[in-house]
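Shown next, in structure tokens, is the structure this report addresses.
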Amino acid sequence: MSAPADEAAIREWAAARRLPAPYLARWLELGPEDRAALLETAVGLRMRAGQLIAAFDLMEEISVRDARPVAAILARAEVRRILDGSGSGPGRAAALLGALRAIRFPRLARATERITCEIAALGLPRGIRIAPPRELASGEIRIELAAHGSEDLRGLLDALSRRAAELARIADLVAGVGWNDDEI
Amino acid sequence: MRFELDAVYVEEEMRATALARRVIAALPPGVPIRHVPDGRIAARADRAAADPFAAGKRRMVIMRRRSRFLTGCPAASNEFACCGYLVMELASNCPMDCGYCFLQEFVADNPGFQVYANYADAFAELDRVRAGADRPLRIGTGELADSLAFDSLTGMSRDLVRYFAGRDDLTLELKTKTDEIENLLEIDSRGRTLVSWTLSPERVFRSSEHRTAPPAARIAAARRVLEAGYRVGFHLDPIIACDGAERDYSALLDEVFAAVPTARIEFISLGGLRMTPGLRAAARRRFPRDPMLLGEEVLAPDGRYRAFAPLRMRLYEAINRRIAREKSGARVYLCMENAAIYRRVLGAAPPAPAALGAALADGKRRDG
């Protein structure tokens, strides 16, 4: 796509989605390859303005941190798989944001995944919810019990007590203890 | 002089003060001097400037301080462990320009580099405070300004060190990222002045600490003031959890411990990078290409962006282990972290602010 045609298409997309003017300006300031790649993504995934803003912010930050252009970020294998994959546009747009967040916050993504896996492996009954802090922003873990009557509650407490050692390890992970060197 | 000024504004009623005369006499040629009725107006942000905060740094305003000189540390809060630091506000803003600096938000509306010519009034105020104090006090001038930046112009440090030299219940902390220590070397502090350096690894310095002295120069300056009879401490603050941070901070500490007799380091404080949303936005607007502002910070329960908790904890623990290995006896404390993190990193509950403040003021001599 030539630059003027590309600019017209970007303006058209922005107008249709009511993209705030500062984001349109930043989009148009990108190099030709970058802005074309972003347009292809926005159109291909039928993104909403809010999704484009979130993706744009993440890509700009990754771009500065890694000294890589936006087009190179969108060409990464894990991103390309989403862009070229099947499924609904909104679903792929949400997956794209998830992938970009994982690139922007790689150690947080690894830590979250490990904790999530460890919690799932506990196999705790319905009625017990182990809730690590959102984005691991604090070292505090919450355990919620939802019981109907004393028998139900006793069952949940027994299940928790059988898993006390594993729960303690998860609490330590959330608090920053027990990580391998290459994890975070 | 390391720093450049676009202009010096002198408040009319302060033009005959010793400070105004000293600054004017030491100014390099070509810096315009303007007399103004009210320095507060000259210190306001110039909204027409492309970067009003940066423009303010280059505009020195010699003025009268109209409010108290002594305040509690702006970082103090019931939420956090606290070192009981008292701040003596002798200046506001700083000619250096660190990408993460809280002043970008804190003094955004009045970023002129204010220097208070009536600073001798602070001594009278301090005399009143110490008369009612039941513990040694540690008083610092390096919270809203660097304690030594422009000291070659203002010469304030000489008066400060002399005042504190005569008072065994007080400790002055001069906190700096400069190596501007020449005035200090001429005066006997009688051990009542502690000079502390905020240190960062070379990578953070290059990326974010604009116009500061290189870390090696700060460490060399620490050694020199120590030899001249001053006490020294270090602040690893903000600790930035970038890739390779554990290695970088460990190497930085290697450098400190190789250059400064470790048994004579009074304290090393640790504080992770924390930014309010407003500060983060201001910092990123001013330094959009600084990768140090693009770490894995998330919104923490205290409303500040911080490295996510496990990452932050790991880094604190690694740094604390490196310090402990040295067996220097330096007191280690955390700044602006809650009691749970303090306990986990340092293995004990945080002391009460007054107790830690008194211990830091007393220093190693009285610790035995």
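In what follows, chains carry the letters A, B, and so on, assigned in the order in which the sequence lines appear, proteins first and then strands, with residues in each chain numbered from 1.
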With only heavy atoms counted, which part of [X] is less than 4.5 Å from chain A, the side chain, the backbone, both or neither?
X: B:R344; answer: side chain
X: B:D302; answer: neither
X: B:E297; answer: backbone
X: B:L311; answer: both
X: B:A340; answer: neither

Quiz item: If contact means a heavy atom pair closer than 4.5 Å, which residues of residues 133-151 of chain A contact chain B?
Solution: A:E135, A:L136, A:A137, A:S138, A:G139
Taking side chain as everything from C-beta outward and backbone as N, CA, C, O, which of these in [X] sits under 4.5 Å from a heavy atom of chain B? Side chain, backbone, both or neither.
X: A:A111; result: side chain
X: A:D172; result: side chain
X: A:I62; result: neither

Quiz item: Any side-chain heavy atom of B:P310 within less than 4.5 Å of one from A:R107?
Solution: no
Got more than 12 heavy atoms from elsewhere within 6.0 Å of [atom1], [X]?
X: B:R47; atom1: CZ; value: yes
X: A:R80; atom1: CZ; value: yes
X: A:E78; atom1: CD; value: yes
X: A:R48; atom1: CZ; value: no

Quiz prompt | Minimum heavy-atom distance between B:P291 and A:R65, given as atom pair plus value | solution = CB-CA, 4.2 Å
Self-check item: Minimal non-hydrogen separation, A:L108 against B:E296, with atom names
Solution: N-OE1, 2.8 Å
Quiz prompt | Heavy-atom pairs under 4.5 Å with chain A, option from B:R306, B:R289, B:E317 with the top count | solution = B:R289
Self-check item: Best-contacting candidate, A:E183, A:E60, A:R104, against chain B by heavy atom pairs under 4.5 angstrom
Solution: A:R104
Self-check item: Derivation of the side chain to side chain contact (heavy atoms under 4.5 Å, CB included) call for A:I184 and B:R314
Solution: CA-CA 9 Å; A:I184 56 173; B:R314 266 189 65 107; 3.4 Å; yes
